[in-house]
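These notes are about the structure you will find just below.
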Amino acid sequence: MIKRCKLAILKTTIQKDLAEEYGVARILICSLMNVGDVFYADYAKTEGFCDEEFKQSENY
């Protein structure tokens, strides 16, 4: 049985120094993710969750 996990958005931020260092031009905070949002997920991306953030979470 696959367990679901709770994903809560606690803070949104941009690390401009890291974005500049790794060549990300004109990066913005994702408008899909808001402080206080809660998502429940298993192995697949849940509806409404940012595609880019989901890709990053696969690294953890």
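Predicted model only: the values in this text are computed from it and were never measured.
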> Do you know which two heavy atoms are closest between V35 and L10, and how far apart they sit?
Replying inline: CG1-O, 3.7 Å
>> Tell me the closest heavy-atom pair linking I9 and N34, and the distance in Å.
In response: CB-O, 3.3 Å
>> Side chains of L7 and F49, heavy atoms from C-beta outward: is any pair under 4.5 Å?
In response: yes
>> Applying side-chain contact (heavy atoms from CB on, under 4.5 Å), can you list everything that pairs with Q15, at least two apart in sequence or on another chain?
In response: T13, D17, L18
> In the hydrophobic clustering (ILVMFWY, side-chain contacts below 4.5 Å, transitive), which residues join Y40, or is it alone?
Replying inline: V38
> Can you name the side-chain contact (heavy atoms from CB on, under 4.5 Å) partners of I14, sequence neighbours left out?
Replying inline: K16, I27, I29
> Mind checking whether F39 and R4 have side chains closer than 4.5 Å, heavy atoms only?
Replying inline: no
